[in-house]
Amino acid sequence: MQSPKSLLIFTALIAGLGGLVSYLWLLDSASEPQNTRIDFQLRDLDGNLRQASDWDGQLVLINFWAPWCAPCRAEIPLLVRLQDDYGTQGLQILGPALDQPEAISSFAEQYNINYPLFADLNAVLNLQEAYGDTRLPYTVLLNQEGQVVYRHAGELDPKEIEAQISAALSNSKPL
């Protein structure tokens, strides 16, 4: 008969092995980012459930961010300007955030954010992982057909992102 101590050690080893296998599986799946639009559902700051299909046919820039992230805060004025400048041409910026709704709402008011923000923490994390990176900020640009045409980890360079947006808009098919 085995002692309770050896049974406990055996159980801990099995649990640890299971955790390691799960971690390695996540690493492997994260190394192959999704190259097409993910049909997500996220809650906006008003609690409404929004879907990826709400922006079908538009150029969509998804910017994963958090109010406590310094590079994220630094690029918010750029994103607000891009939404102003290119929104009428078909660009829609989306801001899934990694924080509590109250912190995100307060930040949004302070910075006059003019695009939808999402505060559904677990769903945001899952979506960000599916797009291939968990660093902040992380930006994904989807063309009008839902194909990923640009990814960037870290603070955006204004000239680079404007060039990407302009190129994607000029390649769009008329509706």
Side-chain angles (χ1 to χ4, degrees), residues 19 22-52 54-55 58-87 91-143 146-168:
S22 296
Y23 174 73
L24 292 174
W25 178 81
L26 281 173
L27 279 180
D28 183 50
S29 66
S31 66
E32 297 178 25
Q34 185 75 24
N35 290 319
T36 58
R37 184 193 74 189
I38 297 168
D39 290 325
F40 63 81
Q41 292 186 335
L42 296 174
R43 295 220 176 264
D44 65 18
L45 293 182
D46 295 325
N48 300 314
L49 194 59
R50 304 294 302 268
Q51 309 178 85
D54 292 348
W55 298 281
Q58 293 182 278
L59 181 65
V60 176
L61 187 148
I62 304 172
N63 178 258
F64 296 94
W65 69 287
W68 43 262
C69 163
C72 301
R73 289 192 311 268
E75 71 184 8
I76 293 293
L78 169 64
L79 296 168
V80 168
R81 183 181 61 74
L82 292 172
Q83 185 63 58
D84 279 340
D85 292 351
Y86 295 96
L91 173 69
Q92 180 58 64
I93 297 175
L94 305 177
L98 299 173
D99 208 332
Q100 299 301 314
E102 301 79 27
I104 298 165
S105 292
S106 174
F107 187 88
E109 287 177 28
Q110 180 183 358
Y111 281 79
N112 297 311
I113 295 179
N114 57 352
Y115 51 88
L117 300 176
F118 305 94
D120 199 344
L121 188 60
N122 288 332
V124 168
L125 281 170
N126 290 336
L127 182 62
Q128 185 174 1
E129 285 178 12
Y131 276 122
D133 204 315
T134 57
R135 294 175 286 178
L136 291 177
Y138 181 58
T139 303
V140 177
L141 184 64
L142 305 169
N143 67 14
Q147 300 296 312
V148 174
V149 295
Y150 176 77
R151 297 175 203 273
H152 182 80
E155 188 176 340
L156 292 168
D157 175 81
K159 289 180 182 177
E160 181 180 345
I161 192 61
E162 284 198 68
Q164 293 291 331
I165 290 169
S166 294

Practice task
Examine distances only and state if a side-chain atom of Gln128 and a backbone atom of Arg135 form a donor-acceptor pair shorter than 3.5 Å.
Solution key: yes

Exercise for the section: Without swapping roles, check the side chain of Ser166 against the backbone of Glu162 for a donor-acceptor pair under 3.5 Å. Expected result: yes

Completion exercise
Rounded to the nearest 0.5 Å, the CD atom of Glu102 sits from the CG atom of Leu45 at a distance of 9.5 Å

Exercise for the section: Examine distances only and state if a side-chain atom of Asp44 and a backbone atom of Asp46 form a donor-acceptor pair shorter than 3.5 Å. Expected result: yes

Problem - Gln83 side chain to Leu91 backbone, donor-acceptor under 3.5 Å - result: yes

Handout entry: N/O donor-acceptor pair under 3.5 Å between Tyr111 side chain and Arg73 backbone
Key = no

Practice task
First locate atom OH of Tyr115, then atom CD1 of Ile62, and finally report the distance between them rounded to the nearest 0.5 Å.
Solution key: 12.5 Å

Practice task
Please test Thr139 against Leu61 for side chain to side chain contact (heavy atoms under 4.5 Å, CB included), starting from the C-alpha separation and ending with a verdict.
Solution key: CA-CA 7 Å; Thr139 303; Leu61 187 148; 3.6 Å; yes

Practice task
Spell out, as yes or no, whether a donor-acceptor pair under 3.5 Å connects the side chain of Gln92 to the backbone of Leu59.
Solution key: no

Practice task
Output the distance between atom CG (Leu156) and atom CG (Leu82), rounded to the nearest 0.5 Å.
Solution key: 8.0 Å

Handout entry: Shortest non-hydrogen contact from Gln164 toward Val149
Key = OE1-O, 4.0 Å

Fill in the blank from the handout: Looking only at heavy atoms, the pair that brings Val80 and Ile113 closest together is CG2-CA, 3.9 Å

Exercise for the section: Evaluate the ring planes of Trp65 and Phe107, with Trp represented by its six-membered ring, and classify them as parallel (under 30°), tilted (30 to 60°) or perpendicular (over 60°). Expected result: tilted

Practice task
Give, for atom CG of Leu79 and atom CG of Asn63, the distance between the pair rounded to the nearest 0.5 Å.
Solution key: 4.5 Å

Exercise for the section: Might you point out which heavy atoms bring Ala52 and Ile38 nearest each other, and give the distance in Å? Expected result: CB-O, 3.4 Å

Problem - Pair Leu121-Leu98, side chain to side chain contact (heavy atoms under 4.5 Å, CB included): steps then yes or no - result: CA-CA 6 Å; Leu121 188 60; Leu98 299 173; 3.7 Å; yes

Exercise for the section: Assign the ring pair Phe64 / Tyr138 to parallel, tilted or perpendicular, where the plane angle (0 to 90°) is split at 30° and 60°. Expected result: parallel

Handout entry: Euclidean distance, Asp157 CG relative to Glu75 CD, rounded to 0.5 Å
Key = 11.0 Å

Exercise for the section: Could you grab the distance from atom CG of Asp84 to atom CG of Asn114, nearest 0.5 Å is fine? Expected result: 4.5 Å

Problem - Heavy-atom closest pair, residues Gln41 and Asp120 - result: O-OD2, 4.5 Å

Problem - Full working for side chain to side chain contact (heavy atoms under 4.5 Å, CB included) between His152 and Asp133 - result: CA-CA 9 Å; His152 182 80; Asp133 204 315; over 6 Å; no

Problem - Exercise: identify the closest heavy-atom pair between Ile161 and Tyr150 - result: CD1-CE2, 3.6 Å

Fill in the blank from the handout: Here the pair of heavy atoms bringing Tyr131 nearest to Val148 is CE2-CG2, 4.0 Å

